[in-house]
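Before I ask anything, let me first share the structure, which is written out below as structure tokens.
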2 protein chains.
Amino acid sequence: MDKTKKVSITVIRRLPRYYRYLSDLKREGIERISSDDLSVRMGVTASQIRQDLNNFGGFGQQGYGYNVIMLHSEIARILGLNKNFKAIIIGAGNMGHALANYPNFSERGYEIVGIFDNSKDLIGTFAKEHDTSKSSEIRDIAKIKEFVSKNQVDIAMLTVPSLYTKDIAEMAVSLGIKALWNFSPMDLKLPGDVVIENVHLSDSLMVLGYRLKTLEIEG
Amino acid sequence: MDKTKKVSITVIRRLPRYYRYLSDLKREGIERISSDDLSVRMGVTASQIRQDLNNFGGFGQQGYGYNVIMLHSEIARILGLNKNFKAIIIGAGNMGHALANYPNFSERGYEIVGIFDNSKDLIGTFAKEHDTSKSSEIRDIAKIKEFVSKNQVDIAMLTVPSLYTKDIAEMAVSLGIKALWNFSPMDLKLPGDVVIENVHLSDSLMVLGYRLKTLEIEG
DNA sequence: TAGATTGTTAATCGATTAACAATC
DNA sequence: TAGATTGTTAATCGATTAACAATC
């Protein structure tokens with residue numbers, strides 16, 4: 001990788017998609033793939049694929065293409081999937097439960113180490129199905145400070161009602177958490193070097209509605 | 001709106017965010033806003049705001065700015081929020097339940113009219129909290145064809161396990177549904193004029209991981 | 001070697017920002 | 001009217017695509 005110029009976020013946001021397609025190729029037992037063949041599968045230009053990948057280094061070989069297993073693991077490395085990030089879920093409603101049970105996260109090295117809520121009915125119950133380990137147990141949000149001080153927590157997944165999101169986000173940051181995954185329909189402005197990734201479900205749905213209305217198939 | 005040139009998807013994807021900020025301004029009782037003031041709030045350039053809005057018509061007034069209530073309702077109209085789209089949820093797991101109870105959708109004219117699953121344990125139970133109406137009852141997926149033939153269904157929200165997503169998506173399209181909201185970590189390729197909007201949670205999380213690793217704050 | 005395909009430079013395209021005349 | 005701010009054109013910037021020499 002060229003150390004001087006940082007890779008544009010546009011390219012970064014395409015990496016998970018490459019990763020998915022390479023996982024598929026791996027599963028199919030395909031050993032090598034050319035940018036041309038991959039471009040057909042993915043519906044993008046071969047040029048874009050080669051440009052994107054060359055932001056991080058020359059993973060291919062002239063006359064051969066790309067080795068699937070090697071490229072797959074290189075992209076995993078670039079994305080940091082080998083880092084074993086530790087995450088907590090704050091808000092154990094339906095969305096919190098959905099995240100706790102999403103199989104893809106643990107597969108990709110994102111480990112849910114704690115789940116918090118303020119509801120007396122939920123505290124003490126288990127959020128992960130068929131899992132009665134400590135990491136599955138819903139804890140009292142009042143104990144979050146103690147938990148974060150004693151355990152590595154890289155990411156906070158925020159699935160609390162919108163009304164509380166701002167306060168909870170600020171609290172998480174004050175505890176030293178550097179990455180927030182925000183599921184509330186608002187933008188969070190926080191001081192310091194905090195990384196925020198939003199999942200704005202209603203935004204996505206509204207775009208779907210617009211495209212349905214105007215029948216914009218691609219996009 | 002200029003009828004000849006269609007608006008780029010890049011601009012469309014920014015509209016829900018404008019809509020959110022205008023909702024905030026409305027709530028705050030602010031009557032008018034200049035592109036300059038809005039640009040400060042939103043962290044974008046005033047130029048971009050004016051360019052974006054002028055894709056759809058001149059909603060502002062020189063020397064005055066934009067009337068908040070008027071602009072809010074214009075963006076709602078552009079997005080089709082007055083259309084009262086009817087949606088069904090297929091897959092009544094945690095994610096399906098989360099969508100069924102998400103307050104923002106109904107507020108914005110997206111009505112959940114049916115929820116389907118194949119689990120005998122779930123069928124007959126109610127997915128929406130404090131709601132025992134027919135639209136809240138989880139129905140047998142075997143009855144979906146009959147339901148769609150008798151009711152208007154614009155959108156199918158797909159929250160089934162990945163393994164079934166392709167088949168379920170094809171089934172939905174075969175029933176005439178023209179818009180799919182896909183929550184599985186895969187791309188759907190479907191024939192015909194079908195609009196698909198993906199919510200790739202693990203893609204989003206991987207981007208968060210990358211940005212945390214490299215501490216890219218903006219993005 | 002000859003053929004295939006990359007890595008990379010150059011050309012094009014589209015999106016963003018700047019500037020300012022129009023006008024409320 | 002004078003000041004403010006839009007709508008819109010022009011300039012810039014960045015992203016995508018095309019082309020091809022390098023090389024496996």
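Chain identifiers are assigned alphabetically (A, B, ...) following the order of the sequence lines, protein sequences preceding nucleic acid strands; residue numbering begins at 1 within each chain.
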**Request:** Measure the distance from NZ on A:Lys6 to P on D:dG14 and round it to the nearest whole Å.
**Result:**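 Atom-to-atom, A:Lys6 to D:dG14, this comes out as 11 Å.
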**Prompt:** Only one of B:Thr165, B:Asn198, B:Thr159 clears side-chain hydrogen bond (donor to acceptor under 3.5 Å, both in side chains) with B:Ser184; which?
**Reply:**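 So, applying the side-chain hydrogen bond (donor to acceptor under 3.5 Å, both in side chains) to B:Ser184 and each of B:Thr165, B:Asn198, B:Thr159, only B:Thr165 qualifies.
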**Prompt:** Is any side-chain N or O of A:Thr45 closer than 4.0 Å to OP1 or OP2 of D:dT17?
**Reply:**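 For D:dT17, OP1/OP2 do have a side-chain N/O of A:Thr45 under 4.0 Å.
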**Asked** Roughly, in whole Å, what's the span from CZ in A:Arg50 to P in C:dA10?
**Response**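 Between P of C:dA10 and CZ of A:Arg50: 16 Å.
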**Message:** Whole angstroms only, please: what is the CE-P distance between A:Met42 and D:dT16?
**Reply:**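 To the nearest whole Å, that distance equals 13 Å.
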**D:dC24: pairing nucleotide in any strand, Watson-Crick or G-U under 3.5 angstrom** =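 Its partner is C:dG3 (Watson-Crick or G-U wobble, both distances under 3.5 Å).
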**Asked** How about A:Trp181 and A:Phe105: are their ring centres within less than 6.0 Å of each other?
**Response**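 For A:Trp181 and A:Phe105, the ring centres are under 6.0 Å apart.
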**Message:** Taking donor-acceptor contacts at under 3.5 Å, does the side chain of A:Gln51 reach the base of C:dT8?
**Reply:**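 No pair found.
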**Request:** Round to the nearest Å and state the distance from B:Gln48 atom CD to C:dG14 atom P.
**Result:**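 Atom CD in B:Gln48 sits about 18 Å away from atom P in C:dG14.
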**Asked** Do B:Phe85 and A:Leu205 come close enough that some side-chain heavy atom pair is under 4.5 Å?
**Response**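 In short, these two side chains do not touch, never coming nearer than 4.5 Å.
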**Message:** Does a side-chain N or O of B:Tyr66 approach OP1 or OP2 of D:dG7 to a distance below 4.0 Å, or not?
**Reply:**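 Yes, within the criterion.
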**Request:** Examine the base of D:dA18 for any acceptor or donor lying under 3.5 Å from a partner atom in the side chain of A:Ser47, and report the outcome as yes or no.
**Result:**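 Under the 3.5 Å cut-off, the side chain and the base do form a donor-acceptor pair.
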**Asked** More 5' along DNA chain D: B:Gly63 or A:Gln61, using each one's nearest nucleotide?
**Response**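 Result: B:Gly63.
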**Request:** Using only side-chain N and O atoms of A:Ser34, determine if any of them is under 4.0 Å from OP1 or OP2 of C:dA4.
**Result:**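 The answer is no; no side-chain N or O of A:Ser34 sits under 4.0 Å from OP1 or OP2.
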**Message:** I need the CZ-P distance between B:Phe59 and C:dC24, as an integer number of Å.
**Reply:**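 Roughly 17 Å, once rounded to whole Å.
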**Among A:Ile69, A:Ile75, A:Val68, side-chain contact (heavy atoms from CB on, under 4.5 Å) partner for A:Leu71** =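 Going through the options one by one, the only one that passes is A:Ile75.
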**Request:** Could you check how far CG of A:Asp52 sits from C1' of D:dG14, rounded to whole Å?
**Result:**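 Whole-Å distance recorded here is 14 Å.
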**Request:** Write down the distance between CZ (A:Arg32) and C1' (C:dT6), rounded to a whole number of angstrom.
**Result:**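 Taking atom C1' of C:dT6 as the reference, CZ of A:Arg32 is at 13 Å.
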**Message:** Strictly by Watson-Crick or wobble contacts shorter than 3.5 Å, is anything paired with C:dT12, and which nucleotide is it?
**Reply:**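 Result: D:dA15.
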**Prompt:** Reckon A:Arg14 has a side-chain N or O less than 4.0 Å from the OP1 or OP2 of D:dT16?
**Reply:**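 The answer is yes; a side-chain N or O of A:Arg14 sits under 4.0 Å from OP1 or OP2.
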**Request:** Kindly assign one of parallel, tilted or perpendicular to the pair A:Tyr19 and A:His72, based on the angle between their ring planes and the thresholds 30° and 60°.
**Result:**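 Ring orientation, 0 to 90° scale: parallel.
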**Asked** Within the pair A:Ser35 and C:dT6, is there a side-chain N or O less than 4.0 Å away from OP1 or OP2?
**Response**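 Yes.
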**Message:** On DNA chain D, compare the nucleotides closest to A:Gln62 and A:Ile9; which residue's is nearer the 5' end?
**Reply:**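 Final value for this comparison: A:Ile9.
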**Message:** Please report the distance, rounded to the nearest Å, between CZ in A:Arg13 and C1' in D:dG14.
**Reply:**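 Atom CZ in A:Arg13 sits about 17 Å away from atom C1' in D:dG14.
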